[in-house]
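First up is the structure itself, then whatever we jot down about it.
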Amino acid sequence: MERMKYGAVFVVIFLLCMVSMKGLDHFLAKKIIARDAKILADKFEKVIRNSALELNKLPSISKTDFKCDQSTTENLREFVFDASFIRWAGVTKDGEIFCESNDIIRDISKIYTHRISPNFSFGVVELANRKHHEWILVRHFEDVNYTASITPLAPRFFVPLECEHCSEYTISFKSDPMLVFGFETFDGKPFVSETVVLKSPYFVATFELSGNFEFYKQYSTISWLFITIFALLFAFGLTYLVKRWQRHSVSMHAQIVAGIKHQEFIPFYQPIVDSRTQAVIGCEVLMRWQQQNGSLIPPNQFIPYAEANGLIIDMTKVLLEHVFNDVKSLGSKRKALFFSINIVPEHLDNDDLYLLLKGIVESSELKPHRISLEITERLPISDLVAARQMLDKIYALGIDLKLDDAGTGYGGFSYVQTLGISTLKIDKMFVDTIGHEDNFNAKTIDAIISFAQKSELSMIAEGVENDNQVAYLSAQGVYLIQGYIYSKPLSAKQFFQ
Ligand code: G
Ligand code: G
Ligand code: MN
């Protein structure tokens, strides 16, 4: 069962990893293809611009003056020889050739051109077999033209490709006259395609590079072997971590359950002192985990887990029983100190806490006014009305409620009123700002105090560490102090002495 579970976890992680690596590879391939498409489009533009500059070097002509003799033919021939991309040039009009650089028999009657600047046109001659085409650049005069044939760019000349028949490109001039041409060398179906838009003051053309699966594969940079090995290792590692984490939480859970059974959650007591008289008037009960091996674990190592996993309820029960026993055996003759117990919102979800408190109040010397609850503002209460109904039952026993960590969390004014809070515990965070009046929170402590006074709430300041803080608080009317200045949390023995 266990094996199958982790097997499934492994397979899921493995597949997810494969899919995402392949996705990444695809993404990268598309990026490189897009870059190559841009290179190709730039080359195309450059060839045309270059050829136009070359054609501009030829002398101006008109039909009446022009004679095709030995010297003009020779000039054209030299021109073609010098020009980079031009393989034929001629003087033409309406598909008729008057003079040409070399006597290749060519038919320029089927020429489709597109105006690309005031006196230049770009075009294609469609050849009989339609497999190839010629690029044509025309320089216009009044009644006669220079026409040049340009070597078309085959993609394989500059896109690093091993496959001959796996890609094509098309260039389309969308405006009138529509002109579409390209290289159709495809085997199979197009798989990827990237588009670049060419814009000049005279025209807008769309350049599109497409390829079949074979073409796409060349751009793929992460191999299947690597992906598989990586995914295997990754899945192994992650499954191992998941397993460890599960074991850890299972053992945490099991250990706490055993700890509850053996009543290992014991109270420490931190005195709360009236700074006017220096008298201890009560204490906060702080949980410690005393394991059978003798180690004492502080709450931050298990309380968050216990609070999140529904274990805190039973732990609080164990804790309360210890408090009750401590009072009975060590503190019965002592004066009426109160014991402030930490609870979480979940404690108010059902009758358990209420019944436990009721039992203690009815059967022991711990009178209700000596028990107090503190609920933290750090955790939200989902149903305030239901919580208040439960609290009313507890209040009826004579037990009151303090707001712990006041000012740090979800509470707020309405919360205090709705829940019927008796006392605010001013968090250490705000006490720490005393003497640092530049701090923003320094204003907050005054606000909290004045809110409490207006609402007629009692106050206890937490985390008080020096005389300065005591003096400041005292000047504001806050006399009940809990903090290292008086005492750290103490074991039962130390506290009751
Ligand atoms: O004891 P210590 O001083 O380290 O307390 C650490 C935190 O653990 C405090 O924020 C306190 O609110 C919380 N804590 C201590 N005891 C209990 C307890 O019995 N129940 C709950 N819910 N929290 C506790
Ligand atoms: O439940 P609450 O978060 O209020 O618990 C009070 C916490 O503050 C406990 O962890 C307790 O040990 C700690 N504490 C109490 N007094 C002082 C103090 O003066 N200084 C410091 N640093 N911590 C304190
Ligand atoms: Mn507390």
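Values below: every heavy atom of this structure, side chains too, minus hydrogens, waters and symmetry copies. Start at 1 and go down the list; that is how both ligands and their atoms are numbered. Source: prediction; values computed, not measured. Numbering starts at 1 and runs along the sequence shown.
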(Q) I need the nearest protein heavy-atom contact for atom 6 (C) of ligand 2: residue, atom name and distance, please. (A) E462 OE2, 3.7 Å

**Q.** atom 14 (N) of ligand 2 - nearest protein heavy atom and its distance
**A.** Y484 CE2, 3.9 Å

Distance below 4.0 Å between [atom] and any protein heavy atom?
atom                    : answer
atom 24 (C) of ligand 2 : yes
atom 20 (N) of ligand 2 : yes
atom 10 (O) of ligand 2 : no

Q) Is there a donor-acceptor contact under 3.5 Å from the side chain of D405 to the main chain of T408? A) no

Q: Check ligand 1 against V344 and write out every atom of the ligand that is under 4.0 Å from a heavy-atom position of the residue.
A: 22 (N)

Q: Apply the test side-chain contact (heavy atoms from CB on, under 4.5 Å) to residues I381 and Y415: give CA-CA distance (whole Å), side-chain angles for both, the deciding distance (0.1 Å), then the verdict.
A: CA-CA 9 Å; I381 296 179; Y415 191 97; 3.3 Å; yes

Q) Non-hydrogen atoms of E284 versus ligand 2: any pair closer than 4.0 Å? A) yes

Q | Close approach, T316 and ligand 1, non-hydrogen under 4.0 angstrom | A | no

Q.
Is N300 close enough to touch ligand 1? Criterion: a residue heavy atom under 4.0 Å from a ligand atom.
A. no

Q) What atoms in ligand 2 come closer than 4.0 Å to a heavy atom of N342? A) 1 (O)

Q) Taking only heavy atoms of Q270, which atoms of ligand 2 are found under 4.0 Å from at least one of them? A) 15 (C), 16 (N)

Q. Can an N, O or S atom be found in T376 less than 2.8 Å away from the Mn ion (ligand 3)?
A. no

Q: State, to the nearest 10 degrees, the angle whose vertex is the Mn ion (ligand 3) and whose arms point to OD2 of D404 and OE2 of E284.
A: 170°

(Q) Looking at non-hydrogen atoms alone, which of I313, T376, I303 comes nearest to atom 17 (C) of ligand 1? (A) I303

Q.
Does the Lys NZ or Arg CZ of K22 fall within the cation-pi geometry relative to F27 - under 6.0 Å from the ring centre and within 45° of the axis?
A. no

